[in-house]
Amino acid sequence: MKKLSLPRILIIRKHFYPDLCFIALIVVLSSVVYGLTLCPTVYMGDSGDLCAAALAPGIAHAPGYPLFTILGYFFSLIIPGAGSAFDINLMCAVLGSVTLVVIYGLMRSAGCFALVACVTALTFGFINPVWSQAVAARVYTLNNALMAGALWCLFQYGKTGRWRMMQFYALLLGFGLANNPLSILTLPLALIYVCTVRTEKSISMRQRILILIWIIPGLLLYLYIPLCGLTEPAVHWGKPGIDRSFWLYLIRHDYMGRAYVQSVRDALEVVWHYLSLLPAEYTIGGCILILLGIYYTARRSWRMTVSLVMLYMLNIALMIMHSPHPDVFFWPRYISPAFLATTILFGFGLQYVVFKLISIRWLRLVVIVVPVWLIVVNYHDNDRSENYFAYDYAMFILNQLPVEAELVSGADDTVTFSLIYLHRVMGIRRDITLYTPGVIPGNMPSGINPAKKMFATRDTLFDIRDYDCVPFGLLFRVVNSGEDVAVFNDWDIWRIRNLQSSEVAFDYTARVLLGNYFFMRALNAARVDMDASLMYIDKAINAGYDVITVQHNSGSFLLRYGYTTDARRCFERVRSINRQASTPIF
């Protein structure tokens with residue numbers, strides 16, 4: 001091997017030194033911020049399911065996310081301790097930093113200066129839809145890293161014509177699909193590049209088709225799901241590939257038919273909502289930079305411009321075709337690919353402004369204020385460091401149960417998934433029997449026997465016409481019809497932290513849980529003190545101001561006790577949240 005001379009080594013060091021410094025800045029800053037805001041335990045929504053699937057290990061909800069599950073399992077092994085939700089949260093934070101480094105490399109390879117590439121990467125890391133997913137167990141952070149890598153390969157292929165870059169793209173696409181179906185959005189972009197770029201050497205059609213082979217290694221990870229089903233895991237969603245259709249599970253058949261959009265008006269409403277998120281995240285000035293980025297990239301590479309705009313549009317179109325109302329209006333994590341595209345365009349717009357309009361070099365450093373400003377503005381909304389709400393809520397339920405009780409959980413995802421994580425994975429309250437029919441089909445008690453101390457998270461989980469479901473704490477107790485049940489008075493013993501705490505930001509899933517907490521307190525109080533019950537109903541209405549289930553349940557409660565005017569307000573609020581929602585007719 002030919003040795004490099006000392007001057008040559010110095011030239012290489014000088015060439016890469018700025019990149020190493022900016023990469024170090026990205027890693028240190030994102031690691032510190034993500035670490036300070038990291039959730040210490042199981043979080044709301046799907047986090048409990050993903051943590052349980054990774055730690056057990058088991059099978060997560062459709063389509064299984066095998067790459068995330070497998071990575072989570074091995075990551076938990078290298079972290080000291082017995083393995084907990086914190087390990088999976090920490091993995092997502094690490095992946096968040098990795099994503100920003102990938103974006104930095106993408107921007108540099110596309111011709112951006114190091115400062116602009118650094119600011120672009122950090123901007124993506126600290127907008128709300130991205131930051132919120134990097135501090136709790138979510139699959140979208142890993143998906144961002146893989147999609148950014150896939151775009152990097154496409155841009156390099158368009159620049160150099162090297163066929164190997166398309167092979168790397170196909171490899172990343174396969175692993176991306178093994179993590180989240182959203183990765184398929186890059187495939188139409190790849191087809192544009194394959195059909196329009198002249199390669200460095202002649203590539204036959206057969207060779208172009210054979211590139212699909214590179215997708216196979218990632219897709220093979222889906223074999224994990226039926227193989228894992230053979231081990232009787234703690235969470236398995238009906239053992240896809242063994243006891244139920246593997247194909248229907250992969251295409252998320254259980255989630256079909258819930259799309260919010262039913263008309264052109266609905267589609268325009270969704271499009272307008274997503275467009276309104278751009279100034280909310282980037283400000284008006286940022287939106288101007290995005291438009292400048294489209295202009296700047298169009299002058300340099302029409303393929304890059306078309307691919308980024310198309311990625312944004314395809315992501316929105318997918319939401320229009322598939323997603324229910326909450327997914328569209330309350331959970332922007334589903335359009336992370338769209339935000340990736342707009343942030344890259346933002347970076348190119350920033351490149352155009354900084355190096356075309358600012359001639360004094362030291363003044364260009366002012367652009368670092370962009371990610372700093374985002375950290376300051378978005379810190380509170382994404383700080384999960386003191387958020388124990390999901391953990392405490394599930395622990396309250398487990399602690400209030402008598403010895404050897406039976407519990408049927410079919411409430412929202414947060415409750416059921418947190419219970420599965422704490423009970424089946426962490427081994428808390430092994431004496432009780434937990435049934436989760438929504439996660440394991442047919443997982444129900446063989447019969448109703450109040451003598452077994454049966455409880456449920458909902459009073460409509462199974463047919464109990466000959467029995468009563470009496471509110472008891474955060475649960476309903478199944479008793480013989482007319483049987484007297486003591487009023488639950490242990491609210492202060494099993495305390496829940498974070499209740500209406502100004503120090504903790506309550507996102508939509510937290511508002512669902514908080515509204516349900518006060519609603520259950522209202523049901524308990526209604527047995528002895530109607531004034532106290534109305535006070536808790538009012539708290540539920542205010543806490544879940546944008547939650548349809550909370551408003552509908554509160555309205556039904558008020559209507560049952562004759563408070564027609566107040567009930568009408570609740571139902572009007574339901575229709576203001578979602579005009580398609582059905583409510584009683586007055």
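Quantities reported herein were computed from a predicted structural model and do not represent experimental measurements.
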- Item | Working for side-chain contact (heavy atoms from CB on, under 4.5 Å), residues Leu142 and Tyr65 | CA-CA 11 Å; Leu142 176 56; Tyr65 316 106; over 6 Å; no
- Verdict with supporting geometry, Phe168 and Leu154, side-chain contact (heavy atoms from CB on, under 4.5 Å): CA-CA 9 Å; Phe168 288 149; Leu154 291 179; over 6 Å; no
- Decide, yes or no, whether a salt bridge links Arg244 with Asp254 under the criterion of side-chain N to carboxylate O below 4.0 Å. yes
- Taking the six-membered ring for Trp and the full ring for Phe, Tyr or His, determine whether the centres of Phe389 and Phe506 are under 6.0 Å apart. yes
- Task: I would like to know whether Asn315 and Tyr274 meet side chain to side chain donor-acceptor pair (under 3.5 Å); could you show each step before the answer?
- Result: CA-CA 10 Å; Asn315 199 176; Tyr274 284 133; over 6 Å; no
- Query: Would the Tyr508 and Trp331 ring centres measure less than 6.0 Å apart?
  - Reply: yes
- Message: Does Phe22, at its CZ atom, have more than 12 non-hydrogen atoms belonging to other residues, nucleotides or ligands within less than 6.0 Å?
- Response: yes
- Once you round to the nearest 0.5 Å, how far does OG1 of Thr509 lie from CG of Leu514? 11.5 Å
- Message: Within this structure, what is the CG-CD1 distance for the pair Leu340 and Ile127, rounded to the nearest 0.5 Å?
- Response: 9.0 Å
- Query: Can you tell me how far the OG1 atom of Thr343 sits from the CD1 atom of Ile290, to the nearest 0.5 Å?
  - Reply: 7.0 Å
- Could you go step by step and tell me if Asp266 and Gln580 meet the side chain to side chain donor-acceptor pair (under 3.5 Å) rule? CA-CA 10 Å; Asp266 297 336; Gln580 296 178 3; 2.9 Å; yes
- Query: So, are Asp327 and Arg333 salt-bridged, with charged N and O less than 4.0 Å apart?
  - Reply: no
- How many angstroms lie between CG in Leu311 and CD1 in Ile316, if you round to the nearest 0.5 Å? 9.5 Å
- Note on the structure: So the ring-ring contact (aromatic ring centres under 6.0 Å, His included) pairs with at least one residue in residues 134-156 (sequence neighbours excluded) are Tyr140-Tyr334
- Whether Trp131 and Tyr34 hold their rings parallel, tilted or perpendicular, with breakpoints at 30° and 60°: tilted
- Query: Yes or no on side-chain contact (heavy atoms from CB on, under 4.5 Å) for Leu67 and Tyr224, after CA distance, side-chain angles and deciding distance?
  - Reply: CA-CA 9 Å; Leu67 178 60; Tyr224 162 85; over 6 Å; no
- Message: Check the orientation of Phe339 and Tyr282. Use parallel for under 30°, tilted for 30 to 60°, and perpendicular for over 60°.
- Response: tilted
- Item | Residue pair Asn144, Thr141: steps toward the side chain to side chain donor-acceptor pair (under 3.5 Å) verdict | CA-CA 5 Å; Asn144 290 336; Thr141 305; 5.2 Å; no
- Query: If you round to the nearest 0.5 Å, how far is CG of Leu182 from OG of Ser336?
  - Reply: 7.5 Å
- Message: Ring-plane angle category for His325 and Tyr260, please: parallel below 30°, perpendicular beyond 60°, tilted otherwise.
- Response: perpendicular
- Check whether any side-chain N or O of Asn378 sits under 3.5 Å from a backbone N or O of Phe126 as a donor-acceptor pair, and report yes or no. yes
- Query: Just checking, is any N or O donor in the side chain of Ser132 or Asp507 under 3.5 Å from an acceptor N or O on the other one?
  - Reply: no
- Ile192 vs Met310, side-chain contact (heavy atoms from CB on, under 4.5 Å): CA-CA, chis, key distance, verdict: CA-CA 11 Å; Ile192 292 176; Met310 181 181 291; 3.4 Å; yes
- At what distance, to the nearest 0.5 angstrom, does CD1 of Ile225 lie from CZ of Phe246? 4.5 Å
- Message: Tell me whether the NZ or CZ atom of Arg252 lies within the 45° cone about the ring axis of Tyr255 and under 6.0 Å from its centre.
- Response: yes
- Query: For the residue pair Phe348 and Tyr296, does the interplanar ring angle fall in the parallel (under 30°), tilted (30 to 60°) or perpendicular (over 60°) class?
  - Reply: tilted
